[in-house]
Asker: 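Before I ask anything, here is the structure I am working with.
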Amino acid sequence: MCAILRNGTRTLKPGTPISASGPSGLVKAVWAGFARSEILSWWKRQGGEEVDVPATEFAERSDVTGKLQWEFVPSDCVVGAVLDHRTTTPLLKILTRASSDAELQKYEHPRMPLLLSRRFAILPAEEPEPDLFF
């Protein structure tokens, strides 16, 4: 799992709205957890829609120290996600996969975000939303 994503200067955490691109174009949904990529077919049978989440970095939180370990997302990759349409408002679940032995040593976490080649239109890096109460 990834604890935090960055897209440009915007930091994205679970519970925040994130922009993603899918077969129907741009979507914005709240990051509401994780989905194991090993059961993606189950998510699809439940009406889930695969989407690409643009990110420049991700961080894993060590299960040993609790510290964040940052890593760059390759420029030709996105973070895979699924839109869960079982609720009134679709929720975004970041797809994860099992960590390799080397990743488990480095990140001290058993799951990693699923990085994929872009499948849909490229979205620009998100900038922070303006502060309306300045």
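Keep in mind that what you see is a predicted model, and the values were worked out from it rather than measured.
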Asker: Give me the atom names and distance for the closest heavy-atom approach of K28 to P17.
Answerer: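 Scanning both residues completely, I find the closest heavy atoms to be CE-CB, 3.9 Å.
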Asker: Can you find a pair of side-chain heavy atoms, one from Y107 and one from Q69, that are under 4.5 Å apart?
Answerer: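 A side-chain contact exists here, since the closest heavy-atom pair is under 4.5 Å.
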Asker: Do any pairs count as a side chain to side chain donor-acceptor pair (under 3.5 Å) and have a residue in residues 75-88, sequence neighbours left out, and if so which ones?
Answerer: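 Applying side chain to side chain donor-acceptor pair (under 3.5 Å) to every pair that reaches into residues 75-88, excluding sequence neighbours, yields E49-H85, D84-R86.
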Asker: Got T11 and I4 here, is their nearest side-chain heavy-atom distance under 4.5 Å?
Answerer: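 When only atoms from C-beta onward are counted, I4 and T11 do touch, with a gap below 4.5 Å.
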Asker: Heavy-atom distance under 4.5 Å between the side chains of L92 and V53, does that happen here?
Answerer: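 Yes - at least one pair of side-chain heavy atoms lies under 4.5 Å apart.
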Asker: Within a strict 4.5 Å, meaning less than it, do heavy atoms of the E103 and R97 side chains meet?
Answerer: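 In contact.
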Asker: Using a 3.5 Å distance criterion without hydrogens, assess whether the side chain of W31 forms a donor-acceptor pair with backbone atoms of G33.
Answerer: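 Checking the backbone N and O of G33 against the side chain of W31, a donor-acceptor pair under 3.5 Å is found.
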Asker: Does any N or O in the side chain of S99 come within less than 3.5 Å of the main-chain N or O of P110, such that one atom is a donor and the other an acceptor?
Answerer: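 Pair found, side chain donor or acceptor close to backbone of P110.
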Asker: State, yes or no, whether a side-chain contact exists between L83 and L91 at a heavy-atom distance under 4.5 Å.
Answerer: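 In short, these two side chains do not touch, never coming nearer than 4.5 Å.
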Asker: Please check if F34 and L114 belong to a single hydrophobic cluster, counting links between Ile, Leu, Val, Met, Phe, Trp and Tyr side chain heavy atoms closer than 4.5 Å.
Answerer: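 Hydrophobic grouping puts F34 apart from L114.
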Asker: Does the ring of W43 carry R36 above it, NZ/CZ under 6.0 angstrom from centre and within 45° of its axis?
Answerer: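 No cation-pi geometry.
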Asker: Strictly distance-based, threshold 3.5 Å: is any side-chain N or O of R61 a donor or acceptor partner for the main-chain N or O of G66?
Answerer: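 At least one qualifying donor-acceptor pair exists.
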Asker: Test side-chain contact (heavy atoms from CB on, under 4.5 Å) on V73 and F58 and set out the steps.
Answerer: CA-CA 7 Å; V73 174; F58 70 87; 3.9 Å; yes
Asker: Test of understanding: clusters of I, L, V, M, F, W, Y form through side-chain heavy atoms closer than 4.5 Å, transitively. Do V51 and L12 belong to the same one?
Answerer: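 Looking at the clustering, L12 is in the same group as V51.
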Asker: Give the C-alpha distance, both sets of side-chain angles, the deciding distance and a yes or no for salt bridge (charged side-chain N to carboxylate O under 4.0 Å, His left out) between E50 and R119.
Answerer: CA-CA 10 Å; E50 284 188 80; R119 298 167 292 175; 2.6 Å; yes
